[in-house]
Amino acid sequence: MNHELRIYNSLTNKKEIFKELIPGKVGIYVCGPTVYSSSHMGHARSAIVFDLIIRFLKFVGYQTKYVRNFTDVDDKIIAKAAEEGIAVEKIANKYKLEYLEDVKNLGCLSPDFQPCVSENINEIIELIKKIIASGYGYVVAGEVYYNISKFSDYGKLSNQSTDSMLSHTRLEINPNKKNDLDFALWKSSKEGDPSWNSPWGKGRPGWHIECSSMSTKYLGETFDIHGGGRDLIFPHHENEIAQSECTSNEKFANYWIHNGLININKEKMSKSIGNIVNIQDALKIWNKNIIKIFFLTHHYRTPVDLSSEKLKEIKKTLIKIKKKISDTKNIRERKMDDFRKLWINAMRDDFNSAKAFGYYFKYINERALTKSNIDLIEEFEITMGIFGWRNEINDDTSSEESFEQKFDQERIQKIILERNMARQIKNWKKADDLRLQAEELGIELIDTKNGTSWKRK
RNA sequence: GGCGGUGUAGCCAAGUGGUAAGGCGCCGGUCUGCAAAACCGUUAUACCCCGGUUCGAAUCCGGGCACCGCCUCCA
């Protein structure tokens, strides 16, 4: 059996055998949110994917050091603060706390470190000084830019030549820049903006530099894994590499892991379309495990289409599975290779949780469950970060309660009463007519020993 | 235009050389006054198209086509 862990490295666009820098230890840095609005399902996916990766790395015996930052100094936050007439720090703090609450509510493990830009200004200034001293940065009118033409590897992550990047750019020409692709390391700030003193005047860090600085601070100049959403490959991660490698002369991150983005009902989730789904709103309707399992039944690199229909499907599956697990009789035993070995191997191959869940569903469906089988199932659930879901997911359509309350309760009760009277005297024609009436209201009647209940159709 | 990704049943989704996991749905059966739930069973001669390599390809190579993402600070 092959015990190696294989990871798709966005830097080489290949699956590679994972080799850690220090035996038994893994350092991982993931780009967290810019805190200027409530976090959405894209953030959720990223948090869930990297939570899975951390859990699995721990499971196979690695000691992990997991760092996820907050970008709390940024143009977007400043703009939002101006729009709402609230202090920049308050906006940043509000959304930072919200994010922490959201990922906690999703049942994700906390990173070991969650640094903020505002708390690392000195480190950032020192790094910018080093970049200037190495000849890669230049100062113009109180601002510092990175000179990409000096860094010969520029474009190695996104696989682009600087020429081709320029050929189709929407970039506005900035006369202060030596090259159009140069980016700001330090920006001078307008009156009222958050600002710090620096050798170049009052200002604040540009986007990108914080991640170079903070990853190095916690993990060293070279570390094992750098993660984030696919959309960050260019320019953000490309620029991080340029900033870090020009001063260290070392490779920045050995493996780059990028999770796929999400669509909502087949459309790109975006502000302009107005279809952003917040984590908070999703959690009001769906149990966290449904959301997690939805994401985990897709491979982390593929784009995913999110819709309530798909979440309902997951819920249905889970309710069935839950009943299977509690029913130890009545299940036919079939041949299946070692479940534990199968799912671990799936996960060793670029964290293929979708495949692993296939085995999980199959195993539960085809096993007479014994104590040891349950132990195996629970081991899987713990590693995937869904342990306890069976106590949290009910088949009482509770997730649709808010929807159901909009129905005319009185009228439904009247139909049920009338129909049951008809059923007692075996007037089936009338009973069926009343069932149809209920269906026209969009609900379905369910007869049980304990009476008649109903649910949304 | 450049770079990257994707294309597998009605829908979703695994599968990197050995003859198509899993889920939802559909259909049939048991059960039920009828339904629902549950349970049992069925459901891709076939993996966008055309060539090639191979004893053998969804999987590798070449050429197309289609869709999606990124291409600088939120557009």
Side-chain angles (χ1 to χ4, degrees), chain A residues 6 8 10 13-15 34 36-37 71 74-76 78-80 148 155 157-172 174 177 180-184 187 206-208 229-239 258 260-261 263 266-268 270-272 293-294 297-299 301-305 307 309-310 312-321 323-324 327 329-332 336 342 346 349-350 352-366 395 419 422-423 426-429 431-432 435-436 438-439 444-448 452-455 457:
Chain A
R6 300 170 74 219
Y8 183 90
S10 313
N13 290 318
K14 280 191 198 98
K15 265 190 211 171
T34 299
Y36 72 106
S37 64
T71 298
D74 180 88
D75 292 355
K76 280 167 286 188
I78 294 168
K80 176 87 172 186
I148 61 106
L157 180 67
S158 54
N159 281 301
Q160 307 236 42
S161 69
T162 51
D163 288 347
S164 69
M165 283 189 247
L166 281 171
S167 70
H168 220 77
T169 185
R170 288 176 254 164
L171 191 62
E172 272 177 45
N174 178 338
K177 292 182 182 176
D180 290 334
L181 288 167
D182 290 352
F183 53 92
K187 297 177 126 171
W207 184 37
H208 317 306
R230 272 203 75 83
D231 54 339
L232 295 176
I233 290 175
F234 192 87
H236 188 234
H237 290 162
E238 193 71 69
N239 291 351
H258 290 103
L261 307 180
N263 293 328
K266 314 231 176 205
E267 269 186 316
K268 183 184 170 177
S270 77
K271 269 201 162 164
S272 50
I293 293 170
F294 170 75
T297 50
H298 295 75
H299 186 92
R301 277 190 283 118
T302 64
V304 141
D305 186 50
S307 65
E309 204 175 310
K310 290 294 162 205
K312 257 186 220 168
E313 279 183 15
I314 295 287
K315 185 173 178 183
K316 266 188 198 169
T317 306
L318 293 179
I319 288 168
K320 278 191 190 175
I321 289 285
K323 283 180 178 158
K324 280 275 193 179
D327 177 14
K329 302 181 295 268
N330 216 355
I331 291 172
R332 183 179 57 128
M336 180 173 175
L342 287 171
D349 187 11
D350 198 28
N352 196 334
S353 57
K355 193 175 183 181
F357 266 91
Y359 294 131
Y360 173 70
F361 292 140
K362 188 173 178 168
Y363 186 73
I364 292 171
N365 275 324
E366 302 189 348
D395 59 358
R419 180 166 163 277
R423 288 171 75 211
K426 294 194 184 338
N427 184 347
W428 307 127
K429 171 79 175 65
D432 286 346
R435 175 183 284 287
L436 279 173
E439 278 174 19
E444 180 176 348
L445 299 179
I446 301 156
D447 299 323
T448 71
T452 302
S453 63
W454 60 277
K455 69 171 190 181
K457 252 187 111 62

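Just so we're clear, the structure is a prediction, and the values are computed from it rather than from any experiment. Proteins get letters first, then strands, A, B, ... in listed order; numbering begins at 1 in each.
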Using a 4.0 Å heavy-atom cut-off across all strands, classify [X] as base, sugar-phosphate, or nothing.
X        : value
A/Lys15  : base
A/Ala79  : nothing
A/Tyr8   : sugar-phosphate
A/Asn159 : sugar-phosphate
A/Arg230 : sugar-phosphate
A/His236 : nothing
A/Asn263 : nothing
A/Thr302 : sugar-phosphate

Legend entry - SB check A/Asp349 A/Lys355 (cutoff 4.0 Å): no
Could you tell me which nucleotide pairs with [N] by Watson-Crick or G-U wobble geometry, both distances under 3.5 Å, or answer none if nothing does?
N      : result
B/rC60 : B/rG52
B/rC47 : none
B/rG1  : B/rC71
B/rA21 : none
B/rA66 : B/rU6

Nearest-Å distance for atom pair [atom1]/[atom2], residues [X] and [N]:
X        : N      : atom1 : atom2 : answer
A/Ile233 : B/rU72 : CD1   : P     : 15 Å
A/His237 : B/rC70 : NE2   : C1'   : 13 Å
A/Asp305 : B/rG69 : CG    : P     : 12 Å
A/Asp74  : B/rU72 : CG    : P     : 17 Å
A/Lys312 : B/rG25 : NZ    : P     : 12 Å
A/Lys362 : B/rG23 : NZ    : C1'   : 13 Å
A/Leu342 : B/rG22 : CG    : P     : 12 Å
A/His258 : B/rG69 : NE2   : C1'   : 13 Å

Legend entry - Centroid-centroid under 6.0 Å between A/Tyr363 and A/Tyr360 rings: no
Measuring only the [atom1] atom in each nucleotide, how far is [N] from [M]? A whole number of Å is fine.
N      : M      : atom1 : value
B/rC34 : B/rC67 : C1'   : 46 Å
B/rA58 : B/rC31 : C1'   : 41 Å
B/rA46 : B/rU19 : C1'   : 11 Å
B/rG4  : B/rC61 : P     : 14 Å
B/rG51 : B/rA14 : P     : 29 Å
B/rC60 : B/rU16 : P     : 9 Å
B/rG18 : B/rA57 : P     : 11 Å
B/rC24 : B/rA13 : P     : 16 Å

Looking only at the side chain of [X] (C-beta and beyond, no hydrogens), which of the listed nucleotides [options] gets closest?
X        : options                : answer
A/Gln160 : B/rC70, B/rG22, B/rG33 : B/rC70
A/Phe361 : B/rG69, B/rC39, B/rG23 : B/rG23
A/His298 : B/rA37, B/rC73, B/rA13 : B/rA13
A/Lys323 : B/rA38, B/rU72, B/rC74 : B/rA38
A/Leu261 : B/rG69, B/rG4, B/rC34  : B/rG69
A/Ala184 : B/rU72, B/rC34, B/rC73 : B/rC73
A/Phe234 : B/rC34, B/rG22, B/rC70 : B/rC70

Inset, instruction - Using the six-membered ring wherever Trp is involved, compare the ring planes of A/Trp207 and A/His236 and label them parallel, tilted or perpendicular (cut-offs 30° and 60°). - result: parallel
Inset, instruction - Keeping the roles fixed (side chain from A/Glu238, backbone from A/Gly155), state whether a donor-acceptor pair exists under 3.5 Å. - result: yes
Legend entry - Backbone of A/Lys177 reached by a side-chain donor or acceptor of A/Asp182 within 3.5 Å: no
OP1 or OP2 of [N] less than 4.0 angstrom from a side-chain nitrogen or oxygen of [X], does that happen here?
X        : N      : answer
A/Lys316 : B/rG25 : yes
A/Lys268 : B/rC70 : yes
A/Asn352 : B/rG15 : yes
A/Asn365 : B/rG23 : yes

Legend entry - RNA chain B: 5'-proximal contact among A/Ser158 and A/Phe183 (nearest heavy atom): A/Ser158
Inset, instruction - Could you say whether A/Lys76 or A/Lys310 is positioned toward the 5' end of RNA chain B, judged by the nucleotide with the nearest heavy atom to each? - result: A/Lys310
Inset, instruction - Give a yes or no on whether a donor-acceptor pair under 3.5 Å exists between the nucleobase atoms of B/rG33, that is its base, and the side chain of A/Arg419. - result: yes
Inset, instruction - Take A/Lys310 and A/Val304 through the test side chain to side chain contact (heavy atoms under 4.5 Å, CB included) and record every step on the way to the result. - result: CA-CA 11 Å; A/Lys310 290 294 162 205; A/Val304 141; over 6 Å; no
Legend entry - A/Phe361/A/Thr317 under side chain to side chain contact (heavy atoms under 4.5 Å, CB included): CA gap, chis, key distance, verdict: CA-CA 9 Å; A/Phe361 292 140; A/Thr317 306; 4.0 Å; yes
Inset, instruction - Would you give the length of the straight line joining atom OG of A/Ser37 to atom NZ of A/Lys76, rounded to the nearest 0.5 angstrom? - result: 9.0 Å
Inset, instruction - Identify the two heavy atoms, one from A/His258 and one from A/Gly229, that lie closest to each other, and give their separation to 0.1 Å. - result: CD2-O, 3.5 Å
